[in-house]
Amino acid sequence: MKIATFNINGVRARIETLTGWLSEAQPDVVVLQEIKTQDEGFPADPIADLGYNIETHGQKGFNGVAILSKLPIEDVMRGLPGDDADEQSRYIEATVVGQRAVRIGGLYLPNGNPQPGPKFDYKLAWMKRLRARASHLRMQEMPTILLGDYNVIPEPRDAAAPDKWVDDALFQPESRAALRRILNDGWTDAIRLRDPDNARGPFTFWDYQAGAWQRDNGIRIDHILLSPQAVDLLIDTGIDRDERAKDKPSDHVPVWVDLDA
DNA sequence: ATGGTTGTTGTACAA
């Protein structure tokens, strides 16, 4: 079961970017972030034509997440538990049934800039809620993966120029510690597992500005966290870096795992 | 060097 995350940066503006990648990469399951549309505006037809079931959790103008799956989708949950007043569409969770059932949480973690300030406070509060949800899921002892745009640079080597990020919410000690707490609870960073000793990179995001892609001035903020039961099923991981060089790219590229499930 | 780009919405904002 090939499961991917892709921050598409506007699914209506980039529907051909998305369908082109889906046709080429043939993922079984995809979680999307920043669809930037309400559910009724989601361009479902060209995606359904490629064989995908679709569940969306949209929002007007900003944010918005979705799950696409060639396999049946069950028990969909929209929104991250823990704050009934939170109206931002940043989390969708569902079970996908292949040879075995896998629980999948797709997330778009708050950016948090500028920091300090209310947006950074919201980011840290959201990460506390995510940790609680992750612990609940882990205790179910089912193969589970939590993947998406985490908006956290875990370590200096996850940025081409870490000194440029020291004042940014993505690289604050509090943001990094909150992610590390979740990992220390028993989750595995699937991409880092592949090359644990890499001195620099790999990256998943390159800004549109200042020739960041051409200079390979990237960061790694799109992550795939595996529960212990999912780690046992891991076959392969990848970053579809070439997507960033194509026409009308997102500023993020797809990141994926292949599970024996 | 406080630059540079993109999508959505509305002529600003979030990223």
Side-chain angles (χ1 to χ4, degrees), chain A residues 5-21 30-44 46-47 56-66 80 86-92 106-127 130 147-154 158-172 174-176 178-179 203-223 240-241 243-255:
Chain A
T5 174
F6 193 1
N7 181 322
I8 193 64
N9 188 20
V11 70
R12 287 181 294 179
R14 255 178 269 286
I15 184 61
E16 290 176 1
T17 301
L18 176 60
T19 54
W21 170 73
V30 182
V31 296
L32 297 176
Q33 303 89 39
E34 289 205 84
I35 62 174
K36 295 187 177 179
T37 176
Q38 299 173 96
D39 294 339
E40 52 268 36
F42 189 88
I47 297 170
T56 60
H57 182 39
Q59 180 178 339
K60 186 176 183 179
F62 307 105
N63 306 324
V65 290
L80 182 65
D86 184 1
E87 296 187 346
Q88 299 192 33
S89 296
R90 296 179 173 275
Y91 189 82
I92 187 168
L107 62 104
Y108 177 46
L109 207 146
N111 175 296
N113 282 304
Q115 74 80 30
K119 291 188 175 182
F120 190 61
D121 296 342
Y122 173 64
K123 176 179 195 148
L124 296 181
W126 204 96
M127 294 188 81
L130 179 63
L147 74 170
D149 178 358
Y150 278 73
N151 267 319
V152 176
I153 301 167
D158 293 306
D163 54 307
K164 297 292 196 294
W165 295 91
V166 291
D167 293 325
D168 195 287
L170 277 59
F171 195 52
Q172 288 311 293
E174 296 95 328
S175 310
R176 294 166 57 193
L179 175 58
F203 307 131
T204 66
F205 168 95
W206 295 261
D207 201 284
Y208 289 124
Q209 304 180 70
W213 167 248
Q214 289 76 10
R215 299 163 189 236
D216 196 24
N217 182 16
I219 53 176
R220 188 172 73 98
I221 54 174
D222 301 273
H223 304 303
D240 290 348
R241 182 186 160 96
E243 292 300 309
R244 188 63 178 79
K246 295 184 179 175
D247 287 340
K248 206 167 169 60
S250 171
D251 40 6
H252 298 249
V253 296
V255 181

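Here the structure is a predicted model, which is why all the values come from computation and not from measurement. Throughout, a chain's letter reflects where its sequence line sits, starting with A, and its residues are numbered from 1.
Separating the OH atom of A:Tyr208 from the P atom of B:dT8 is a distance of 10 Å, rounded to the nearest angstrom. Straight-line distance from the NZ atom of A:Lys36 to the P atom of B:dC13: 15 Å, rounded to whole Å. Atom CD in A:Gln33 sits roughly 16 Å away from atom C1' in B:dG7 (whole-Å rounding). Rounded to an integer number of Å, the gap from CG of A:Asn7 to C1' of B:dA15 is 9 Å. Distance, A:Leu109 CG to B:dA15 P: 11 Å, rounded to whole Å. A:Ile8 places its CD1 atom 18 Å from the P atom of B:dA15, with the value rounded to the nearest Å. Note: OH (A:Tyr108) to C1' (B:dA14) measures 8 Å, nearest angstrom. Taking atom CD1 on A:Ile221 and atom C1' on B:dA15, their separation rounds to 10 Å, with Å as the unit.
Along DNA chain B, the nucleotide nearest A:Phe205 and the nucleotide nearest A:Gln38 are compared for position; the residue whose nucleotide lies closer to the 5' end is A:Gln38. Checking A:Pro110 against A:Val11, the closest nucleotide of DNA chain B that is more toward the 5' end is the one next to A:Val11.
In this structure, the side chain of A:Ser250 engages the main chain of A:Asn7 through a donor-acceptor pair within 3.5 Å. Looking at A:Asp149, its side chain never comes within 3.5 Å of a backbone N or O of A:Tyr108 through a donor-acceptor pair.
Residue A:Asp121 holds its CG atom at 10.0 Å from CD of A:Glu174, rounded to the nearest 0.5 Å.
Between A:Arg215 and B:dG4 there is no side-chain N or O to OP1 or OP2 distance below 4.0 Å. Distances shown here put a side-chain N or O of A:Arg14 below 4.0 Å from the OP1 or OP2 atom of B:dG7.
Within 4.0 Å (heavy atoms only), A:Lys248 reaches sugar-phosphate atoms of the nucleic acid but no base atom. Here A:Arg90 lies in heavy-atom contact (under 4.0 Å) with sugar-phosphate atoms only.
Picking from B:dA14, B:dT5, B:dT9 the nucleotide with the shortest atom distance to the side chain of A:Gln209 gives B:dT5. In this structure, the nucleotide among B:dA15, B:dT9, B:dT6 sitting nearest to the side chain of A:Lys60 is B:dT9. Closest approach to the A:Lys119 side chain among B:dC13, B:dG7, B:dT5 is made by B:dC13 (side chain taken as heavy atoms from C-beta onward).
Remark: the A:Gln88 side chain and the A:Asn63 side chain contain an N/O donor-acceptor pair separated by less than 3.5 Å.
A cation-pi arrangement is absent between A:Arg220 and A:Phe205 under the rule of less than 6.0 angstrom and at most 45 degrees off the ring axis.
Salt-bridge formation is not detected for the pair A:Arg14/A:Asp247: no Lys NZ or Arg NE/NH1/NH2 atom is positioned less than 4.0 Å from an Asp or Glu carboxylate oxygen.
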**OP:** State the dot-bracket string of DNA chain B. Criteria: Watson-Crick or G-U wobble, both atom distances under 3.5 angstrom; notation: ( ) intrastrand, [ ] crossing earlier pairs, | interstrand, . unpaired.
**Re:** ....((((...))))
Cut-off 3.5 Å, no hydrogens considered: what does the side-chain donor-acceptor table look like for residues 160-168 of chain A, sequence neighbours left out?
| residue | atom | partner | partner atom | Å |
| --- | --- | --- | --- | --- |
| A:Asp168 | OD1 | A:Asn113 | ND2 | 2.9 |
| A:Asp168 | OD1 | A:Leu170 | N | 2.9 |
| A:Asp168 | OD2 | A:Asn113 | ND2 | 3.3 |

